[in-house]
There are 2 protein chains.
Amino acid sequence: MLIRYSKIFLMQEAILVMDEKPRNRVSLKDLANHLGVSKTLVSAVLNGKAKQYRISEETALMVKQAANELHYSPNMIAKGLRTGNSQLIGLIVTDISNPFYSTISRIIENKTDEINYKVIFGSSDESLVKTRQLIDVMLDKGVAGLIIVPCEGSQGLVADLHSRNIPVVLIDRYFPELEVSYSCLNNYNATRQATIHLIEQGYRNISLIAYKSSLSNIKDRILGYRETMVAHALGKHVNVKSVNIDNPLPEVEKALDYLIHRKGAEAVIFITNALLVAGLRSLNKLNKRIPDDVAVVGFYGSELFDLYYSPITYVKQPIEIITEEAVNTLIDKIKYGENRKFSKTFIEPELVIQQSSVKPASTGCN
Amino acid sequence: MLIRYSKIFLMQEAILVMDEKPRNRVSLKDLANHLGVSKTLVSAVLNGKAKQYRISEETALMVKQAANELHYSPNMIAKGLRTGNSQLIGLIVTDISNPFYSTISRIIENKTDEINYKVIFGSSDESLVKTRQLIDVMLDKGVAGLIIVPCEGSQGLVADLHSRNIPVVLIDRYFPELEVSYSCLNNYNATRQATIHLIEQGYRNISLIAYKSSLSNIKDRILGYRETMVAHALGKHVNVKSVNIDNPLPEVEKALDYLIHRKGAEAVIFITNALLVAGLRSLNKLNKRIPDDVAVVGFYGSELFDLYYSPITYVKQPIEIITEEAVNTLIDKIKYGENRKFSKTFIEPELVIQQSSVKPASTGCN
DNA sequence: CTGAAAGCGCTTACAG
DNA sequence: CTGAAAGCGCTTACAG
């Protein structure tokens, strides 16, 4: 084995002396010349248009065989330039290193693989400027369409894309004022379910910790909680604390301290994964036990939460379904044009109930 | 606001009647015509070659202004076809939804952004076939180079890339028999440090749980443990259990049961994050407390492990440094050719010591 | 200082 | 059934 590779290196060095970049790709022209036919013919056969061009089966077979033998593989850049389709789609998320978004990326990868598209991604970090830059670069690269987790204030960018008839689908968040397709969790129902569950467990004084944000997902989550509380005549216990999106820990700690000690909170809903992590840290620091001192419901649980001393109840997002819907919509748009139809999708959440929200020595349902 | 967007939609519909795809990008030609100059001139100016072509400053300024006003932005596909550089780099990881690899992706994104490259990614799922397909597709898309987490048995593919003089850098794993650049953790030292730490804590009967794999990172981790044990005259306590890479949970459980009950293991090192998670689940099930019944050291900790009832000691990978080194090497190769230099980099790990590996009622160091 | 022309590797009317 | 030619939007010798 070792010897074999050494050999390759020796050969390689020899080649290098002659030519710095021996990227010996065989082109359509090479193939055509080799066979003594025209590029048109080869192109037609290799694109499965032999029938349409009424090319004889023998000829077609000959071309295909040669293509295999010579390891011909089409230059997608040239193809893209000619057809205007690079077989690339752009994905703009908040941060690819966030497991939620990397999971979305993976699902998009799987779905687009089937139709031979590749994904180029970018992280916006919730920045409008970065989002704009990413969109521009991706368009320059010739993406056929975009899937975007839109940041706050990016309505204009998205509307612009739409008005230029560029296929775009929003995911995770949407803009109610825009007629741009999206696929999201039903965030209203998510906190609604969480709240009802806590009420059924016998909790009354239920608080919610959120982000300061005008994004649809955040607003809907707050609304779902608030309206459910009011509907159960618990309006007087509605307490929403909104913290800054970056470095939420100190604010969360202060909020929890306040909610528990001043407001008598018996249960807290954390509406994002990062808030939950900050919340658990804070509760440890405040020496509060879950669920004995305070019940907890989170969002989008990591499997590690199952290992917590008090496994955490959380709102599960059917990410796979949400994402697949977005991809399907995008593919549809790429095929038939952006403005053909406007698809809004809300996927229902699932509440995974674990120990953290179950009332100890349960007093039963109300 | 709402009204403004409605208006846009109405206009849009009007346009649509006339033309299905009004992608009104302005091209170099458009710009040249608009200005009454040649494409050559415009191209030179916009590529910062005004000086080189001795173009007057006024002319250059005029061109730049017009480019801004008309929102000209170069078609990278055309540019890529002509120059043979698509400003794209390919990233092949095991699974982009794995936080370790998505973190790598993010760092690569940041680094390549600086030089205006975009990343297309693909997940190999440790499959040779998928790896081959991904490489082919990415090459077809014209990537300027590749960063690869190579799966088992992919030496041939990597060597082939190298011999075709395609810039490639391996990350996380390497093939000692290939002269292909890589950037990895010093895995030997990682388990070495972990083992020494446990020995210093007074543990003697230390086991290790690994994957069945011939990959360098796995082999080095096992070796680091084994040799350190032997060096401390603990060879008789060397116990390595290797489980299957997919669905490790049942095997890990069986292994732990055996190691603890038959072999009297006092401490266990889990050499990947997934193994650690499986290990914690299993220990819970076996009713073993950490570190009282058994001490634990893991790899690449999630911040959630800090929240565990017994915060987990783990080997921290300086992912940022490892990745940046890989990117720098790749960029270098893209600029100067793959075979210019062969860079092997091992980054030193850092052991983050927490409660899970600290001997209770400590008997001190040996 | 500036422009006409060729060509990157494809596809697609068009002509035969 | 098959091929010559144009053209996608760029860059780069080359000529002036």
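In what follows, chains carry the letters A, B, and so on, assigned in the order in which the sequence lines appear, proteins first and then strands, with residues in each chain numbered from 1.
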Okay, side chain of D160(B), backbone of G156(B): is any donor-acceptor separation there less than 3.5 Å?
no

Ignoring backbone atoms, test whether T59(A) places a side-chain nitrogen or oxygen under 4.0 Å from the OP1 or OP2 oxygen of dT2(D).
yes

Between T329(A) and D332(A), does a side chain to side chain donor-acceptor pair (under 3.5 Å) hold up when you go through it step by step?
CA-CA 5 Å; T329(A) 305; D332(A) 210 61; over 6 Å; no

Using a heavy-atom cut-off of under 4.0 Å over every strand shown, decide if L81(B) touches base, sugar-phosphate, or nothing.
base

In terms of the nearest nucleotide of DNA chain D, which residue is placed more toward the 5' end: E57(A) or K39(A)?
E57(A)

S102(A)/S105(A) under side chain to side chain donor-acceptor pair (under 3.5 Å): CA gap, chis, key distance, verdict:
CA-CA 5 Å; S102(A) 65; S105(A) 306; over 6 Å; no

Measuring to OP1 and OP2 of dC8(D), would you say a side-chain N or O of N75(B) lies under 4.0 angstrom away?
no

Verify the contact: side-chain N or O of Y53(B) to OP1 or OP2 of dC14(D), cut-off strictly under 4.0 Å; return yes or no.
no

Spacing between I77(B) atom CD1 and dC10(C) atom C1', to the nearest angstrom
12 Å

Looking only at the side chain of Y72(B) (C-beta and beyond, no hydrogens), which of the listed nucleotides dG9(C), dC10(D), dT11(C) gets closest?
dC10(D)

May I ask you to say what T40(A) touches in the nucleic acid, namely base, sugar-phosphate or nothing, with a heavy-atom cut-off under 4.0 Å?
base

The nucleotide from dC1(D), dT11(D), dG9(C) with an atom nearest the side chain of R82(A) is dG9(C)

Measure from the side chain of I55(B), starting at C-beta and using heavy atoms only, and say which of dT2(C), dT11(D), dT11(C) lies closest.
dT2(C)

Would the distance check show the side chain of S183(A) and the main-chain N or O of I322(A) forming a donor-acceptor pair, the cut-off being under 3.5 Å?
yes

